[in-house]
2 protein chains.
Amino acid sequence: MTITMRDVAQASGVSLMTVSNVINGQPGAGAQTRVRVMEAVERLGYEVNLTARRLRKGLTGNIGLIVPRFDHPYFGELAARLATALAETGRHLSVEQSGASAEGELAALSHARLATYDAVLLNVVGLRYEDVDNLRTSVPVVLLGEQGMPVRFDHVRLDNEAGARLATVHLLGCGARNVLIVGGSHEDQQSMQAIRTKGWERAHTDAGLTPSPDGVLRLPELEVACARELVRERLLRSPDVDGIFAVTDQVAFGAMAGARDAGRRIPEDLQLVGFDNLSFGEHVPPGLTTIDPGHDWMVEHAVRLIDQRIEDRDVAPQQLTSPSTLVVRGTTRC
Amino acid sequence: MTITMRDVAQASGVSLMTVSNVINGQPGAGAQTRVRVMEAVERLGYEVNLTARRLRKGLTGNIGLIVPRFDHPYFGELAARLATALAETGRHLSVEQSGASAEGELAALSHARLATYDAVLLNVVGLRYEDVDNLRTSVPVVLLGEQGMPVRFDHVRLDNEAGARLATVHLLGCGARNVLIVGGSHEDQQSMQAIRTKGWERAHTDAGLTPSPDGVLRLPELEVACARELVRERLLRSPDVDGIFAVTDQVAFGAMAGARDAGRRIPEDLQLVGFDNLSFGEHVPPGLTTIDPGHDWMVEHAVRLIDQRIEDRDVAPQQLTSPSTLVVRGTTRC
DNA sequence: CACACGAACTGTAACGATATAGTCCGAACG
DNA sequence: CGTTCGGACTATATCGTTACAGTTCGTGTG
């Protein structure tokens, strides 16, 4: 019914193995033979049977992604991008929820759960160094996200500080004189909030300014409703605030609503930059200026690291840091 | 390394085939033998290797879902539910976008595209009877959604008229005297809008009322922004409107915003019922009363039809209609 | 008692690919 | 000229499962 390697082999007058070698770019096939085989492949419209290949290679074709929660758009977008990238090679992504707790993430990493995957991408949030360091799995694991994790693992990092600095520099460069960081914090130096706060400070000192101590607006939760309420309140109290760096796009959406509540026009009275480049930011008027943490770059390299490690478990682990870029839209004046 | 059927066979002192038969519930194995085999399965922690089974059975483990567009929440939720249901049996869902046009849907149904699926679920929107009737595929196809399609196919329908009637009856029962249908239409009798409009009319006549001819508020597009604008305008013009049946939840969200714009309180001044039971409706205050088109039911039966047809291509096609139910939340007074 | 029959179970050959261990043959070398 | 060497290619076994065609063996029948 369907065309198999056997048909291609017959049509081009070579053995099964030669066809296999040609298709997989393995050595051991002459130049003319390669051409002849590829012609037959084209002519017959042959495509490899991934199921058979997987059986032979002992792979499942499934990659696991473990994130703290499904319902947050950041992870949704990450999952969508990864799924697309993996689909190119006929693989699938299964997303598991760890519940933002260390226990959840460790449970999701139990042997039984992972046995069905060829590799696992772990979004390390809420996991401490020791937890990750104690991990012993038979399946390749690639870490995704924050900094400060054991170098024993492949890791695609996100340059939180550089991104935050970039955002703040842009606000200052567009004429903001009094820039709030919403969702910032000085606690737990390793946390995403603290690192982005450091970037916000660095942008100030680099420009010869001193970040005001009450420029950090802490939020109990990085959620829309919470940000909206606290930003509204703060803007009513501090009429001189003319710029906001929101630590996430979620927070930025809340801040936009809060600013409107407080009677500020964006970007005329108040400029705003977010962080994450969620696709929704493109559609909410006047368009959210934000930091793209290099999603495409991260996904591309994460998949590459996975493939390398599946191929050879003993290759040296790599730590990569994705470059952040500024995406200018309507919430800033330049 | 991993435990195979061979290990189970050895451990329970039977042949490979007996283990296979027991596991798949095939006849030809005695009662004690079954018990013995299942004990060994438990003890060794055996799990079937889906890759091997697929190779042997000539299946890929992938099901295709073809929807008009990705970005609409209705299809997103449908896809999520289906993916979950299929994951139970270790299969995967691949979602393809047809672009809401007949050409797109037909292109997505081309032989080459479908060859990689065990079966395809086709959400028939924008396809006419003839287009579907001309379809000749080697892969099992199950239709999803609207009515009026060739009985040659398995089809899980959605009871648009009954659902719309249910919504309107509820509004009338809760004291609404003047119920608008937003997004309704009398054109193209087969369209979703027209059928739901018929349901709205039937609810009126069943109650001994005459639906007012200008009770149908047509929308150029079933989108939030559009519904918001036209509902606001209409409510300002017609102060006596005290109920709205929105043909979709999307439209209902827009209508809620439009009502607020027009200064109406929900549900005090104006009651509202949507259609689709999108999960978002639960979270938007005061909670959207809506019609659940039987998502779970549809998904359950769609998967069953798929499996039946994969098993036996010649089984008689079935047309099923999912039962609609009312989900009462805060936008209605009872 | 010979025979047929069906239930319970087994042996073997696939499914389509790849890893491994060859085989073959022409060129290079002493 | 005989030997070695390496590049090009092939034969076979195998991955874990299931379809199909047997093989037993106990029971019921004439």
Side-chain angles (χ1 to χ4, degrees), chain A residues 1-38 40-41 44-62 89-91 115-116 118 307 310-313, chain B residues 1-38 40-41 44-62 89-91 115-116 118 307 310-313:
Chain A
M1 207 67 201
T2 57
I3 295 125
T4 74
M5 261 192 189
R6 164 170 268 99
D7 300 320
V8 176
Q10 219 148 46
S12 47
V14 296
S15 77
L16 222 55
M17 270 320 292
T18 300
V19 177
S20 174
N21 287 331
V22 169
I23 284 175
N24 295 296
Q26 298 289 92
Q32 305 108 312
T33 315
R34 294 202 119 82
V35 171
R36 212 143 36 87
V37 169
M38 287 314 292
V41 165
L44 301 179
Y46 168 78
E47 289 186 30
V48 292
N49 180 322
L50 291 176
T51 306
R53 172 180 287 174
R54 281 173 191 153
L55 174 60
R56 188 60 248 244
K57 290 211 162 188
L59 296 174
T60 64
N62 291 130
T89 45
R91 287 176 292 183
T116 60
D118 295 339
D307 289 337
I310 288 174
E311 181 112 355
D312 174 9
R313 305 241 161 165
Chain B
M1 207 69 199
T2 57
I3 295 126
T4 73
M5 260 190 188
R6 166 170 267 99
D7 301 320
V8 176
Q10 220 148 45
S12 48
V14 295
S15 76
L16 223 54
M17 272 318 295
T18 300
V19 176
S20 174
N21 286 332
V22 169
I23 285 176
N24 296 295
Q26 299 288 88
Q32 306 109 311
T33 313
R34 294 200 119 84
V35 171
R36 211 143 37 87
V37 169
M38 287 315 291
V41 165
L44 301 179
Y46 167 79
E47 290 187 29
V48 290
N49 181 321
L50 291 176
T51 306
R53 173 180 287 174
R54 281 172 192 153
L55 175 60
R56 185 62 250 243
K57 290 212 162 186
L59 297 173
T60 64
N62 290 130
T89 44
R91 286 176 292 183
T116 61
D118 295 340
D307 289 337
I310 288 174
E311 181 113 356
D312 175 9
R313 305 241 160 165

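The sequence lines fix the lettering, A, B, ..., with proteins before strands; numbering per chain opens at 1.
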Any base atoms under 4.0 Å from [X], or only sugar-phosphate, or nothing? Heavy atoms, all strands.
{"X": "A/T51", "result": "nothing"}
{"X": "A/L50", "result": "nothing"}
{"X": "A/T18", "result": "base"}
{"X": "A/G28", "result": "base"}

How many whole angstroms separate atom [atom1] of [X] from atom [atom2] of [N]?
{"X": "A/I3", "N": "C/dC15", "atom1": "CD1", "atom2": "P", "answer": "15 Å"}
{"X": "B/L59", "N": "D/dG16", "atom1": "CG", "atom2": "C1'", "answer": "15 Å"}
{"X": "B/L55", "N": "D/dA19", "atom1": "CG", "atom2": "C1'", "answer": "13 Å"}
{"X": "B/Q10", "N": "C/dC9", "atom1": "CD", "atom2": "C1'", "answer": "17 Å"}
{"X": "B/D7", "N": "D/dG16", "atom1": "CG", "atom2": "P", "answer": "9 Å"}
{"X": "A/R34", "N": "D/dG7", "atom1": "CZ", "atom2": "C1'", "answer": "12 Å"}
{"X": "A/I23", "N": "C/dA17", "atom1": "CD1", "atom2": "C1'", "answer": "10 Å"}
{"X": "B/N21", "N": "C/dG11", "atom1": "CG", "atom2": "C1'", "answer": "13 Å"}

Residue [X], side-chain atoms from C-beta onward, closest of [options]:
{"X": "A/M17", "options": "C/dC9, C/dG11, D/dT12", "result": "D/dT12"}
{"X": "B/K57", "options": "C/dC9, C/dG16, D/dA19", "result": "D/dA19"}
{"X": "B/A52", "options": "C/dT10, C/dA19, D/dT17", "result": "D/dT17"}

Looking at B/I3 and B/L44, what are the two nearest heavy atoms and their distance?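 So the minimum-distance heavy-atom pair works out to CD1-O, 3.0 Å.
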Quick one: closest heavy-atom pair of B/A52 and A/L55, and the distance?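 For B/A52 and A/L55, the tightest heavy-atom pair comes out as CB-CD1, 3.7 Å.
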Are any non-hydrogen side-chain atoms of A/Y46 and A/V19 less than 4.5 angstrom apart?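 The answer is no; the side chains never approach within 4.5 Å.
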Quick check on [N]: is either OP1 or OP2 less than 4.0 Å from any side-chain nitrogen or oxygen of [X]?
{"X": "A/S20", "N": "C/dA17", "answer": "no"}
{"X": "B/S15", "N": "C/dT10", "answer": "yes"}
{"X": "B/T33", "N": "C/dC9", "answer": "yes"}
{"X": "A/N24", "N": "C/dT18", "answer": "yes"}

Between CG of A/L50 and OG1 of B/T51, what distance do you get to the nearest 0.5 Å?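 Rounded to the nearest 0.5 Å, the CG-OG1 separation comes out at 10.5 Å.
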If you assign A/L16 and B/A31 each to the DNA chain C nucleotide with the nearest heavy atom, which residue ends up on the more 5' nucleotide?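 It is B/A31, whose closest nucleotide lies nearer the 5' terminus.
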Examine the base of D/dT18 for any acceptor or donor lying under 3.5 Å from a partner atom in the side chain of B/R56, and report the outcome as yes or no.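 Such a pair is found, so the answer is yes.
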What I want to check is whether the side chains of B/R54 and B/N62 have a donor and an acceptor closer together than 3.5 Å.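 Judged by distance alone, the side chains do not pair up.
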Could you verify whether a donor N or O on one side chain and an acceptor N or O on the other, from A/T89 and A/R91, lie under 3.5 Å apart?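 Per modelled atom types, A/T89 and A/R91 side chains form a pair under 3.5 Å.
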